[in-house]
Each structure stands twice: as C-alpha cells, then as structure tokens.
**Q** 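Can you read through this structure? Questions will come right after.
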Amino acid sequence: MPLPRRLSRELAERDGEAVRIAGHLEEYRALGGVAFALVRDGSGTTQVTLKKGTTEPALFTTLEGLARESVVEVEGTVQRSAKSRRGVELLPFRVTPLSVAEVPLPLGVVDKVSADLNTRLDHRVLDLRKPAVRAIFELRAELLAALRTAFVQRGFLEIETPKLLRQGAEGGATLFAVDYFGTKAYLAQSPQLYKQMLIGAGFERVFEIAPVFRAEPSDTVRHVTELTMLDGEIGYVTDPEEIRAVLEGIVVDAVEGTRKALAARGSPLSERFPTIVQPFPRIPFDQAESWLGRPGAGRDFSTEEEKAIGERVERELHAPFYFLTDYPTVVKQSTFYAWRRDDDPSKTGYFDLGYRGLEIASGGRREHRYDRLLENIRGAGLDPASFPGYLEAFRFGMPPHGGWGLGIDRLVQALAELPNIREGRLFPRDRYRLEP
Ligand code: ATP
Ligand code: MG
C-alpha cells in the first residue's frame, strides 16, 4: 500500500507523519551539507530538505539529475520548520521521477523576467503552471459559479442553444462559415434568436453561458474570435429600465460573490476588486455625445471615446460600472430585433453596460410585434425569408421581452485587471492563433 498522497497545503497539519507528495520539480539547490527541492502541486509548493549524513545519498543524485519541471513523487516525513515557506518541510526517504521534462524549457515557470504574451501563449501549458496565471482561472471559475447562482436565485432557467446555424443573428460580416455536409452553415455569433424563441415558448426567464464565435478581423486587446457569452432574456418586460435593474443586480451579486470566494481561497486578486457604486449611473447616449463634443453625430462610440466616457464617469461619479442608455436607432440599424420607441422611433431604448471605458454588455427591449419585426428586418437590408424558424415564434403569440449579451471574457479582463483579454482565456483564439 503506497502512502496516501497529500497536498502541499495540508502538510502543516501533519507534523511527524510519513506522507507522499507529488508535483513539478520547481527548483533544486545544493548548499554544502543540505539541499532543497521545491515541489509544486495544485495547492502550492513544498520544500523537500535533504541533509548530508541523514538523507540517503542516492536521493541527492536522483534530484540533482532531474530537469526542472519534471514530475516527481516524494515520500518523506513532515517536520515543522520556522524557516520554510509554509512552516513545514519534508524529510524524504524515497524519490520517484514520474515524468522527465525536456531541457531547455521553452518558457520558464518561476523566472523573474516575464516573457511576452505571444511566447507565453505559444507554451500555454507551462505558462498556466504559474500560480499568478492560475489565479486568473480561479477567478473565472468563481465568477461563473456566482453568476449561475445569481440567475437561479432570480428564477432564470439555464438553456443551451445551437451553435451551428443556418444563418447568423445580424448578417454576415463576423460569421465563420463551415461546410455542413455539402451546404453552408455558420458558427453562432450570439444565441440571440434562439433565446427569443424560447420566450415565445413560454420560458419567461432564461440564461445561457456558452461559446460564440466572431470573425473579428481587428487585432485588439479586447477582441477574441471565440468568446464566452452570458445571455439573459426576460419575458413580459416593456421598460428597458426593468431589464437594466435585473442585469445590475446580477452583476453586483456575482462580483461580490466572486470577491468573497476568492478571499476564502486566499487569492490576492480579491483585494484588487473595484468598489461598486449603486445604482450604476445611467448616462443617456445624447449626454455622452455632448461630453465628447460631438452632439448628434449618430454613430457608435470609438474605443477612445468609450475610454473617455469611462474616465469621466469614474472621475465625476466615482463609479466603475455604468450604463449608456437610449441608443439611437441609426446606430442600431442592423440590430433588427431591437425595439424602437413608440413615442420616438429614432430611439431604441438599447443600452450598453460599461466598466471603466470597456464595453461589457449590450441589451435592451426587443421588438415582439411580427409586422414591426418584418419592417426592421427589411430595414436592415435582410430578407425575412432567411429566418423562417425565428419568425414562426412571433406568429403564434410572443410576449414582450428584452435582455442582454454580456462578454464573460471582458468581465474577467476587468476584474483581474488584464491588459489583454487573451490572458483570461485558457487557450485563446484570434485571427492569428489556432494553436495550442
Ligand atoms: P464591440 O463593439 O466591443 O466589438 P459588440 O457591440 O460588437 O462589441 P455585442 O454584439 O454587443 O458586441 O456583444 C455583447 C458583448 O459581448 C459585448 O458587450 C462584449 O462584452 C462581448 N464581445 C463581443 N464581441 C467580442 C469579441 N470579439 N471578443 C470578446 N468579447 C466580445
Ligand atoms: Mg455591443
């Protein structure tokens, strides 16, 4: 019977016990009469201490000859030690290499000098061994869990819609075409049409957390081609403010839930979380345009303009999160499913959720009236005949409804303060990257 395997973090409670640990050999250092091996597992790093005269000589030879980052198993006795990292060290009596790493490493795991992002992503498995990098994915996982909780508490049903489609939600520019048994299909760029159809099916409150694909030709720090979208859709809402209120509540609960979960894990990332100010300021599109000195320009904000708006909100209202509201119809022309206000058809009632100048989500009330929807589709230069399944949902009783799409990767980027969105995805995809 082998000894039970213990994690580095558990050893402090096992003083005097014989245990087995396993992990990557981070470092081996010999200093005269003693040598230290650092073995890193999923919970942290253990110091293995070899002493001349006490430790069997063969163990020195084995560890000394083993390349850094090899996987090794060590059996030994736990001993309290004020000088080592976790207050314990392991005095080994057996060392077994399990997998020998090649030399040299294409990317250092503990090097102080940091590699550029491309090199890191080229050798992502080694990069992900760094505790600071793994911490981002712990944040991501806690955020997803907290979001699910926030939705379920509000009576939302989790759904999964198709990712292989006959047509996209908003025409062609950012669609990936795939060969589907000899005919053309597309990868979903949004679950938009299907979540609306489920409102037509009477589901009332639905959410989905799933990948979407966008053929973004632009190479920016906030676009990837495969992203995770969080979609929410709510039936029987007519006022966009009701939709914003639900989204705001979910974001606040999820951010606070993530902060707490990370603090409990001892993650350093929780300390850098923003102080949320509620209610999130609502900045009408017109007002943001006059802030920028371009009233009535009637086009969407550029990246620089979004940044300027975010800075002003933070400076004057001290709020990291805010809504940009009342998007004009001209800006949302291609968004055919967006409702146009009855009293003022030049406005859609659409909104964006921003975080310090970064667009996190877009949403609004949808058009649920069949005849108006047909007009909007034609107005966007599209043919209603391309959407038979979608339109059927509107012909046999569709509740008024609205919702949003939120980019999880942008929210992770914001909360973990990542300069580049790619750092928040395990194996990011962009225009130039399909490997690893
Ligand atoms: P942007 O103008 O920033 O390109 P968008 O308005 O085209 O975004 P939407 O269609 O509104 O994007 O999608 C909803 C959300 O999905 C966005 O607010 C954003 O958080 C996220 N998102 C959209 N495209 C991407 C992308 N290529 N990479 C990462 N996140 C994205
Ligand atoms: Mg948008």
Side-chain angles (χ1 to χ4, degrees), residues 140 143 147 168-176 186-193 195-196 207-233 240 243-244 247-248 250-251 254 280 285 288 299-307 309-310 321-338 348-366 380 402-416 418-433:
R140 191 176 169 111
L143 177 65
L147 281 166
E170 287 170 70
T174 59
L175 287 172
F176 284 110
Y186 298 95
L187 296 180
Q189 61 177 354
S190 156
Q192 181 63 35
L193 306 187
K195 63 178 178 168
Q196 289 190 263
F207 78 101
E208 175 163 10
I209 297 176
V212 301
F213 305 90
R214 295 193 175 192
E216 298 281 1
S218 52
D219 194 12
T220 79
V221 296
R222 41 198 229 136
H223 289 96
V224 280
T225 52
E226 182 178 21
L227 55 134
T228 305
M229 194 89 113
L230 181 153
D231 273 86
E233 201 69 21
I243 305 165
R244 286 193 287 271
L247 173 56
E248 176 171 335
I250 287 171
V251 167
F280 298 173
F285 190 93
R299 54 172 171 79
D300 210 348
F301 302 116
S302 68
T303 306
E304 289 66 40
E305 289 171 335
E306 281 179 2
K307 222 176 251 162
I309 295 167
F321 285 106
Y322 55 91
F323 285 110
L324 288 172
T325 65
D326 300 299
Y327 266 66
T329 304
V330 282
V331 175
K332 293 287 173 188
Q333 210 68 55
S334 65
T335 312
F336 61 76
Y337 45 82
T348 60
Y350 255 53
F351 57 83
D352 271 8
L353 172 67
Y355 176 87
R356 294 184 169 145
L358 181 68
E359 178 189 326
I360 301 282
S362 288
R365 180 175 168 189
R366 323 298 186 186
W404 66 84
L406 179 152
I408 295 282
D409 308 279
R410 296 255 178 105
L411 193 51
V412 170
Q413 182 180 13
L415 295 177
L418 306 176
N420 194 313
I421 193 169
R422 290 163 180 77
E423 294 186 56
R425 291 192 66 86
L426 289 169
F427 299 100
R429 293 286 177 259
D430 62 33
R431 187 172 178 183
Y432 305 103
R433 184 175 291 282

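What you see below is based on every heavy atom in this structure, not just the backbone, and it leaves out hydrogens, waters and symmetry mates. As the structure lists them, so they are numbered: ligands from 1, and atoms in each ligand from 1.
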**Q** For ligand 1, find out whether one of its N or O atoms is nearer than 3.5 Å to an N or O atom of Gly405.
**A**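 No; the residue has no nitrogen or oxygen that sits under 3.5 Å from a nitrogen or oxygen of the ligand.
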**Q** Hey, mind stepping through Glu226 and Leu187 against side chain to side chain contact (heavy atoms under 4.5 Å, CB included) and telling me if it holds?
**A** CA-CA 10 Å; Glu226 182 178 21; Leu187 296 180; over 6 Å; no
**Q** Are Asp409 and Arg422 ion-paired here, with the side-chain N under 4.0 Å from a carboxylate O?
**A**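 Looking at Asp409 and Arg422, the cut-off is not met.
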**Q** Run the numbers for me: atoms of ligand 1, each under 4.0 Å from some heavy atom of Glu216, listed by number.
**A**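 Near Glu216, the atoms of ligand 1 are 24 (N), 27 (N).
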**Q** For Phe213 together with Phe176, are the ring centres under 6.0 Å from each other?
**A**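 No, too far apart.
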**Q** Under 3.5 Å, N or O to N or O, is Leu406 touching ligand 1 that way?
**A**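 Between Leu406 and ligand 1 (N or O atoms, distance only) the closest approach is not under 3.5 Å.
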**Q** Hey, which atoms in ligand 1 end up nearer than 4.0 Å to a heavy atom of Leu227?
**A**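 It comes down to these atoms of ligand 1: 22 (N), 25 (C), 26 (C), 27 (N), 28 (N), 30 (N), 31 (C).
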**Q** Given atoms OG of Ser362 and OE2 of Glu359, what angle do they subtend at the Mg ion (ligand 2), to the nearest 10 degrees?
**A**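 Vertex at the Mg ion (ligand 2): approximately 80°.
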**Q** Can you tell me if Arg214 uses its side chain to pair, donor with acceptor, with the backbone of Gln189 under 3.5 Å?
**A**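 A pair under 3.5 Å: yes.
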**Q** Please enumerate all residues that pass ring pair (Phe, Tyr, Trp, His ring centres under 6.0 Å) together with Phe207, with sequence neighbours excluded.
**A**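 Phe207 satisfies ring pair (Phe, Tyr, Trp, His ring centres under 6.0 Å) with Phe151 only.
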**Q** Heavy-atom contacts with Gly407 under 4.0 Å: which atoms of ligand 1 show up? List them by number with element.
**A**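 Those of ligand 1 that fall under 4.0 Å from Gly407 are 15 (C), 16 (O), 20 (O), 21 (C).
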**Q** Which option out of Arg422, Arg214, Arg410, Arg425 puts a heavy atom nearest to atom 3 (O) of ligand 1?
**A**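 The option holding the nearest heavy atom is Arg410.
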**Q** Is Gln189 in contact with ligand 1, taking contact as a heavy-atom separation below 4.0 Å?
**A**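 Gln189 does not count as a contact of ligand 1 under the 4.0 Å cut-off.
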**Q** What atoms in ligand 1 come closer than 4.0 Å to a heavy atom of Ile421?
**A**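 What qualifies from ligand 1 is 29 (C).
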**Q** Between Thr325 and Arg244, do the side chains contain a donor N or O and an acceptor N or O under 3.5 Å apart?
**A**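 The criterion, which ignores hydrogens and geometry beyond distance, is not satisfied for Thr325 and Arg244.
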**Q** Show me which atoms of ligand 1 lie under 4.0 Å from any heavy atom of His223.
**A**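 With His223 as reference, the close atoms of ligand 1 come out as 1 (P), 3 (O), 4 (O), 26 (C), 27 (N), 28 (N).
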**Q** Quick one: does Ile360 get within less than 4.0 Å of ligand 1, heavy atoms only?
**A**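 Yes, that is the case, since the closest heavy atom of the residue is under 4.0 Å from the ligand.
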**Q** So if I count the atoms of ligand 1 from 1 in the order they appear, which ones are less than 4.0 Å from some heavy atom of Ala361?
**A**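 Near Ala361, meaning under 4.0 Å from one of its heavy atoms, ligand 1 has 18 (O).
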**Q** Strictly under 6.0 Å, is that where the ring centroids of Tyr322 and Phe280 end up?
**A**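 No, they do not, as the ring centres are separated by 6.0 Å or more.
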**Q** Assess the residue pair Asp300 and Tyr327 against the criterion (side chain to side chain contact (heavy atoms under 4.5 Å, CB included)); give the C-alpha distance rounded to whole Å, side-chain angles, the decisive distance to 0.1 Å, and a yes or no.
**A** CA-CA 9 Å; Asp300 210 348; Tyr327 266 66; 3.5 Å; yes
